[in-house]
Amino acid sequence: MQVLSEQELERRKDREELMKLGINPYPAPAFPINVTADDIHRNYENRKTDYKDIKIAGRLMSRRIMGSASFGEIQDASGRLQFYIRRDDICPGEDKTLYNTVFKKLLGIGDFLGLKGYIFTTQTGEISLHVTEMIVLSKSVKPLPIVKRDEEGNVHDGFTDPEMRYRQRYVDLTVNPEVKNTFITRSKIISQMRRYFDDHGWLEVETPILQAVHGGAAARPFGTHHNTLDMPLFLRIANELYLKRLIVGGFDGVYEFGKMFRNEGMDRTHNPEFTSMEIYVAYKDYIWMMEMVEELIEQVTEKIHGKTEIAVGDKLINFAGPYRRLTMYDSIKEYAGIDVSELDEAGLRGVCKQLAIEVDDTMGRGKLIDEIFGAKVEANLIQPTYITDYPIEMTPLAKKHRTEPGLVERFELFVNGKEIANAYTELNDPIDQRERFEDQLKLAARGDDEAMAMDEDFLRSLEYGMPPTSGLGIGIDRLTMLLTNKTTIQEVLFFPQMRPEKKQVEMSEEEKGIFELLKLESPVAIGLLKEKAGLSGKKWDVAMKGLTGKGVAKVTKEGDSITVSLLD
RNA sequence: GAUUCCGUAGCUCAGCUGGUAGAGCAAUACACUUUUAAUGUAUGGGUCCUGGGUUCGAGCCCCAGCGGGAUCACCA
């Protein structure tokens with residue numbers, strides 16, 4: 001069914017030709033390398049004698065052929081290296097096939113090669129590999145987009161279409177080296193965080209992704225079904241309630257990096273699956289947690305960038321702690337000029353109307369305050385800022401504030417106008433927790449589809465007793481966006497969710513009929529096939545032209561016999 | 001979900017007022033032993049996203065659909 005371009009056919013032919021010459025384009029033996037491109041560029045000048053006998057492997061990314069000598073570039077995981085290859089070096093005898101035929105004609109950009117030789121500096125000063133031996137490691141049969149860079153670093157013919165970059169991330173990573181760096185940074189962020197937590201003696205754990213009750217957050221879940229148990233299961237929208245069970249069980253500190261799944265909208269800051277890091281530490285409160293987060297983020301930023309002040313878009317953001325702390329009410333007072341602390345639900349509705357904020361009847365007091373905050377405050381929080389002390393109605397898992405009635409001990413960390421972390425002094429009174437869940441059920445009854453579900457087993461665990469605990473969640477994708485200066489979540493996910501690529505090749509009824517017949521027998525004599533198909537002459541003709549045109553079937557004429565065969 | 005822009009060769013993109021589809025790179029062939037966005041000459045390569053419509057004639061105009069981008073809304 002695959003319709004191949006001229007260039008793809010050409011490369012398949014080259015693959016065959018290599019085999020005919022006795023060269024396996026996909027050899028089994030390992031090709032042990034002893035150096036990387038980056039190593040050579042960094043160290044050759046100082047330790048020239050170490051680079052007399054090197055082996056390097058990677059993709060052929062450019063070629064400049066000039067008669068019996070050529071230049072090219074090979075790209076390994078660390079970068080690119082120019083090589084110089086001369087006919088009489090790799091073909092010392094009479095037979096010049098390896099250079100004239102294999103290198104010049106049968107290889108192409110994108111092929112993997114193993115090269116042996118020594119490093120030298122060209123007349124123009126470029127550190128290069130003088131090739132003495134060349135081995136084909138893997139033939140590429142699909143042409144790679146060629147991205148060129150000139151001396152000023154300008155990119156020509158860039159591979160920039162976001163759709164193709166995300167759908168074919170492997171190509172993106174191959175031809176756009178800076179993309180690789182984003183993901184290396186992402187990995188470093190996670191490993192630095194992990195190191196920080198491990199150094200404090202906290203335990204990395206794994207909790208269920210398939211959950212019978214999707215608790216711990218307010219979001220629509222993905223549902224699935226377990227056959228043996230014959231029961232519905234949900235992909236987790238949060239892991240909070242399981243991590244707390246582990247604190248109940250006696251661990252002092254537990255953390256988990258993991259995927260969460262929310263069946264909601266997709267845009268530049270939301271993907272259906274995303275990565276969060278949640279940590280719970282016993283005998284701590286949210287004040288302690290704020291200090292911990294400051295230290296954590298400051299250290300991670302320092303390790304990644306070597307400094308704490310970094311550019312995000314057109315802004316400079318300083319991740320060195322301590323961060324500004326502002327209560328939810330004070331922030332609304334500051335940015336909207338309104339004191340909402342004493343207002344009841346009706347009063348808040350009045351404020352929303354005055355500020356032209358859309359609300360609906362399902363919204364309770366907490367939700368209304370959150371709407372005002374979202375509309376008036378959030379975007380102003382550029383430098384790292386803690387917003388603290390949220391209304392109790394919007395936070396059913398956090399402990400009541402130690403001094404302020406109606407509030408809970410919660411903070412969220414905002415940077416560049418976006419929330420990147422959320423933390424509580426955790427609610428550990430089982431009676432209070434049950435009442436909060438019941439309030440959520442009432443909100444659900446009002447039509448709030450984000451209200452949290454009751455989790456009886458979690459309540460039972462609290463009844464046994466949970467020590468005072470502080471918990472934190474950090475959105476790893478959003479933190480990575482900040483630290484890599486990317487504006488969309490797709491840029492920090494290897495494989496962001498996309499719509500299905502394209503519909504199957506559509507066939508008419510007649511074409512389908514012939515296709516089914518061909519699946520039973522192929523190749524088949526054309527007369528027999530036509531008879532079996534039972535179509536009128538015109539319909540037969542149109543259907544056959546359609547099938548051959550789509551590359552589904554092929555008509556072959558040998559002497560007097562004409563046969564039809566199915567193509568892959 | 002709304003608005004708006006886009007979909008043309010393997011890649012990046014032109015395409016006039018509606019009149020037989022173009023360039024650069026890549027590919028193929030030839031030349032060339034230190035080039036580097038190598039160069040020179042020649043050649044091949046197209047479902048102009050899909051389906052309708054208007055028209056003597058549609059890549060271009062109209063309608064519908066598919067896919068994507070941006071902005072906004074929603075999503076703690």
Side-chain angles (χ1 to χ4, degrees), chain A residues 3-11 13-14 62-73 80 82-89 99 104-105 108-110 120-126 128 130 141-168 171 175 217-220 237-238 262-272 274 328 358 360 366-367 369-371 373-375 378 387 390-391 393-396 410 412 414 418-419 422 449-450 452 473 475 487-488 490 498-503 505-506 546 549-551:
Chain A
V3 182
L4 297 174
S5 68
E6 184 192 33
Q7 292 189 39
E8 287 172 305
L9 290 171
E10 187 63 41
R11 280 168 175 261
K13 216 167 72 195
D14 292 342
S62 73
R63 275 193 309 177
R64 294 181 288 279
I65 294 172
M66 302 165 299
S68 56
S70 303
F71 284 90
E73 284 177 294
R80 287 191 188 189
Q82 174 169 275
F83 65 83
Y84 175 63
I85 190 164
R86 207 161 53 172
R87 183 185 63 201
D88 297 338
D89 289 334
Y99 182 81
K104 281 170 71 172
K105 298 196 195 304
I109 287 169
F120 73 110
T121 308
T122 64
Q123 286 181 358
T124 50
E126 171 124 4
S128 307
H130 192 124
V141 296
K142 204 170 178 65
L144 215 49
I146 311 294
V147 178
K148 298 216 168 189
R149 285 172 176 75
D150 63 22
E151 283 171 23
E152 287 87 46
N154 300 314
V155 175
H156 301 264
D157 299 334
F159 181 69
T160 55
D161 178 10
E163 178 177 7
M164 284 211 281
R165 287 186 48 231
Y166 303 153
R167 285 195 197 280
Q168 302 184 34
V171 175
V175 304
R220 275 181 292 162
I237 57 174
R262 295 188 183 176
N263 204 343
E264 290 175 345
M266 292 163 55
D267 60 26
R268 66 195 173 287
T269 55
H270 298 82
N271 195 65
F274 63 98
M328 172 70 94
E358 273 184 48
D360 63 57
K367 186 84 180 153
I369 289 174
D370 191 44
E371 292 291 325
F373 176 81
E378 215 174 313
I387 297 297
Y390 286 61
E393 296 88 342
M394 53 195 286
T395 316
R410 171 186 186 179
E412 290 187 308
F414 287 86
K418 299 265 159 46
E419 178 214 335
N422 181 22
D449 55 6
E450 286 167 14
M452 221 174 273
T487 54
T488 70
Q490 286 82 7
M498 304 285 280
R499 278 178 208 276
E501 196 156 347
K502 60 171 120 131
K503 43 195 190 293
V505 178
E506 280 177 30
K550 284 167 187 155

Watson-Crick/G-U partner (both atom distances under 3.5 Å) of G24(B): C11(B)

Residues at least two apart in sequence or cross-chain that pass side-chain contact (heavy atoms from CB on, under 4.5 Å) with Met66(A), listed by chain then number, are Phe71(A)

Given that Gln7(A) and Glu419(A) both sit by RNA chain B, which one's nearest nucleotide is further toward the 5' end? Gln7(A)

With both distances under 3.5 angstrom, what nucleotide forms a Watson-Crick or G-U wobble pair with G19(B)? C56(B)

Test of understanding: with ring pair (Phe, Tyr, Trp, His ring centres under 6.0 Å), list the residues that count as partners of Phe159(A), not counting sequence neighbours. none

Tell me, please, which residues at least two apart from Tyr84(A) pass side-chain hydrogen bond (donor to acceptor under 3.5 Å, both in side chains). none

Does a salt bridge link Lys13(A) with Glu10(A), judged by any charged N lying under 4.0 Å from a carboxylate O? yes

Assign a letter to each nucleotide of nucleotides 37-42 of chain B from its 5' end: B, base within under 4.0 Å of a protein heavy atom; S, sugar-phosphate only; -, no contact. BB----

With rounding to the closest Å, how many angstrom separate the C1' atoms on U34(B) and C30(B)? 22 Å

Glu371(A): side-chain hydrogen bond (donor to acceptor under 3.5 Å, both in side chains) partners, not counting sequence neighbours: none

How far does the C1' atom of U8(B) sit from the matching atom of G68(B), given to the nearest Å? 16 Å

Run the ring pair (Phe, Tyr, Trp, His ring centres under 6.0 Å) test against Phe373(A) and tell me which residues pass, sequence neighbours left out. Phe414(A)

Return the polar atom pairs (N/O with N/O) between nucleotides 69-72 of chain B and the protein under 3.5 Å, or none.
unit_1	atom_1	unit_2	atom_2	d
C72(B)	OP2	Arg268(A)	NH2	3.1

Return the nearest nucleotide to the side chain of Ile146(A); candidates are G10(B), A76(B), A26(B). A26(B)

Applying a 3.5 Å limit to both distances, which nucleotide forms a Watson-Crick or G-U wobble pair with C74(B)? none

Heavy-atom nearest nucleotide on RNA chain B taken for Pro143(A) and for Lys104(A); more 5' hit belongs to Pro143(A)

Look at Arg167(A) and G68(B) and indicate whether a side-chain polar atom (N or O) is within less than 4.0 Å of OP1 or OP2. yes

Assess whether one donor atom and one acceptor atom, taken from the side chain of Gln82(A) and the base of U35(B), lie less than 3.5 Å apart. yes

Interatomic distance at P, G22(B) relative to G40(B), whole Å: 22 Å

Selected nucleotide, minimal atom distance to Ser128(A) side chain, candidates U28(B), U35(B), C74(B): U35(B)

Applying the 3.5 Å cut-off to both distances, the Watson-Crick or G-U partner of A31(B) turns out to be U39(B)

Please enumerate all residues that pass side-chain hydrogen bond (donor to acceptor under 3.5 Å, both in side chains) together with Asp89(A), with sequence neighbours excluded. Arg86(A), His130(A)

Quantified in whole Å, what is the C1' atom distance between nucleotide G59(B) and nucleotide C6(B)? 14 Å

Test of understanding: with side-chain hydrogen bond (donor to acceptor under 3.5 Å, both in side chains), list the residues that count as partners of Arg80(A), not counting sequence neighbours. Gln75(A)

Heavy atoms from C-beta onward define the side chain here; which of A76(B), A27(B), U34(B) lies closest to that of Tyr84(A)? U34(B)

Distance check, P atoms only: A64(B) and U3(B), in whole angstrom units. 12 Å

Pick the C1' atom in A38(B) and in C32(B), then give their distance to the nearest Å. 11 Å

Please give, in whole Å, the distance from U35(B) P to Phe71(A) CZ? 7 Å

Checking A26(B), A76(B), U12(B) against the side chain of Ile109(A) (C-beta onward), the nearest is A26(B)

Interatomic distance at P, G53(B) relative to G15(B), whole Å: 29 Å

